[in-house]
Amino acid sequence: MKVWDLHCDTLSELRKAEHAGRPKSFAQNDLHIDLEKLQKGDYLLQCFAAFVNLGDKTPGADPLVTALEEIDQFKRIMAAYPEKIAPVYTAADIRRNAAAGKISGMLTIEEGACCKGSVGVLRRMYELGVRMMTLTWNHENELASPQRNPGGVLVPQTEKGLTGIGFAFLAEMERLHMIVDVSHLSDKGFWDIVEHGTRPFAASHSNCRALAPHTRNLTDEMIRALSERGGIAGLNYYAPFLDTDPTHPENCRSTVELIAKHAGHYKQVGGAQMIALGSDFDGIDGPHQLENAAFLPLLADALRKEGFTEDEVEGIYYRNAMRFFEENL
C-alpha cells in the first residue's frame with residue numbers, strides 16, 4: 001500500500017552529519033529514512049522539513065542559513081536520484097511522478113522564524129519549493145508562541161498566539177497556497193488560525209490529546225475545527241504523543257496499536273477523511289514499533305483491527321493527503 005508521510009526531519013540529520021565531516025548517503029544510511037527504506041515501504045510521497053532549532057548554540061548559527069542549507073540538501077537529493085525520486089511543486093507533479101514510477105518529495109519548513117519576520121523571505125521560500133510551514137517549533141519567535149508552558153507538557157499555552165507579523169504571514173501563506181501547519185503552535189495560536197484564516201490547514205504531526213494528554217496533541221475541539229475547515233492531521237509515532245503518561249517519557253510506548261487508537265479517535269471526532277500519517281521520523285528518539293520507513297506495512301493490520309475499512313486504511317496511508325494537497329496547493 002502506498003504511503004504519504006507529512007513530516008520528517010531527515011534533511012536536518014543529513015546536514016548535521018555533513019557539518020560533522022561524516023556525510024551520510026541518502027541512498028542508504030542509518031537514519032529512519034533513506035531511499036532504500038522509502039522504496040521498501042512503498043512510499044508515494046515524503047514531506048521533507050527544513051528544520052531549524054532556535055536554541056542552537058553553535059557559534060554563528062543563523063536560522064535562515066540553516067534552512068537554506070537543508071533546502072540545498074533536498075535539492076541535491078532530487079538531483080542525485082532523478083529516476084527514483086522527484087520534487088513536487090504543483091498538484092500535477094504528484095500524479096506525474098506516480099505515473100513515472102517515482103517517489104515524490106515535498107519541501108516543507110519546521111520553524112517559521114527562518115524567514116526572520118520578512119514576508120519577502122517567505123515568498124522566496126515558496127519560490128524555492130516550500131509548500132507547507134509551521135509558524136513555530138518549540139521557541140517563541142516573531143510570528144507566534146509555541147506549545148511550551150513553564151507548567152510542563154500537560155499545561156497548554158492559552159494566552160499567547162500569533163503576533164501582528166504572524167497574521168501577515170498567515171495572509172500571505174494563504175495567498176500563495178503554502179499550507180499553514182499548526183503542529184507545535186500554542187492553543188491560542190491554533191484558534192487564531194481558525195478565526196483569521198480562510199483556507200484549509202494542517203497539523204502535520206500531532207495526535208489526540210484525549211488519549212495522550214501532551215499539549216503537542218490536539219483537543220477534540222481542535223480536531224472538529226480542523227475537520228470543518230477541510231484540514232488534515234498526520235499521526236505522529238513519538239511515544240510521549242501516543243501513550244498516557246507524557247510526563248514520564250521513559251514509560252511511554254510507540255506501537256501500531258496505539259497509533260491506530262489515535263486514528264480511531266480522530267475518526268470518531270472529525271471523520272476518517274481528515275487522517276493522514278506524520279511520522280516525525282529522524283526527529284524522534286526512543287524505541288518505536290515502526291522502526292523506520294520500511295516498516296510502514298505493519299500499521300495497516302492494526303488499523304483494520306481498530307475497525308477501519310480497507311478504503312479508510314488507504315485514505316490514511318495516502319489518499320486523504322493526496323486529495324488535500326491536490327485541492328490546496
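What you see is a predicted model; the values in this text were computed from it and never measured.
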Which residues pass the side chain to side chain donor-acceptor pair (under 3.5 Å) test with Asp311, not counting sequence neighbours?
Arg319
When clusters are formed by joining ILVMFWY residues with side-chain heavy atoms under 4.5 Å apart, either directly or through shared neighbours, do Met274 and Leu211 land in the same one?
no
Using a strict 4.0 Å threshold on nitrogen-to-oxygen distance, state whether Arg209 and Asp187 make a salt bridge.
yes
Taking the six-membered ring for Trp, are His7 and His205 parallel (under 30°), tilted (30 to 60°) or perpendicular (over 60°)?
parallel
Cationic N near anionic O, under 4.0 Å, Glu257 to Lys305:
no
Apply ring pair (Phe, Tyr, Trp, His ring centres under 6.0 Å) to the pair Tyr237 and His288, showing each step before the final yes or no.
CA-CA 7 Å; Tyr237 310 162; His288 30 272; 7.7 Å; no
Check this for me: Glu250, atom CD, are more than 12 non-hydrogen atoms of other residues, nucleotides or ligands nearer than 6.0 Å?
yes
Check: His184 main-chain N/O paired with Asn138 side-chain donor or acceptor under 3.5 Å
no
Under 3.5 Å donor-acceptor, Asp280 side chain and Cys8 backbone
no
Donor-acceptor pair, side chain of Glu111 and main chain of Asn53, under 3.5 angstrom
no
Pi-cation contact, Phe201 with Arg229 (under 6.0 Å, within 45°)
no
Residue pairs passing the ring-ring contact (aromatic ring centres under 6.0 Å, His included) test where at least one lies in residues 291-329, sequence neighbours excluded:
Trp4-Phe325
Dump the intermediate steps for side-chain hydrogen bond (donor to acceptor under 3.5 Å, both in side chains) on Thr134 and Asp181, then the final yes or no.
CA-CA 4 Å; Thr134 69; Asp181 184 352; 5.6 Å; no
What pairs with Gln273 under side chain to side chain donor-acceptor pair (under 3.5 Å), at least two apart in sequence or on another chain?
Ser227
Angle between ring planes, Tyr238 versus Phe241, binned at 30° and 60°: parallel, tilted or perpendicular?
perpendicular
Greater than 12 external heavy atoms within 6.0 Å of Lys40's NZ
no
Considering residues, nucleotides and ligands other than Lys188, do more than 12 of their heavy atoms fall under 6.0 Å from its NZ?
yes
Please check if atom NZ in Lys75 has more than 12 non-hydrogen atoms from other residues, nucleotides or ligands closer than 6.0 Å.
yes
Residues pairing under salt bridge (charged side-chain N to carboxylate O under 4.0 Å, His left out) where one sits in residues 59-70, two or more places apart or in two chains, turn out to be Arg15-Glu69, Asp62-Lys116
Could you check whether atom CZ of Arg95 has more than 12 heavy atoms from other residues, nucleotides or ligands sitting under 6.0 Å from it?
no
Tell me every residue that passes salt bridge (charged side-chain N to carboxylate O under 4.0 Å, His left out) with Arg148, counting only those two or more places apart in sequence or in another chain.
none
Could you list the cluster mates of Leu54? Members are the ILVMFWY residues connected by side-chain heavy atoms closer than 4.5 Å, either directly or through other members.
Val52
Please report the C-alpha distance between Asp245 and His248 in whole Å, then the side-chain angles of each, then the deciding distance to 0.1 Å, and finally whether the side-chain hydrogen bond (donor to acceptor under 3.5 Å, both in side chains) criterion is met.
CA-CA 6 Å; Asp245 188 14; His248 296 92; 3.1 Å; yes
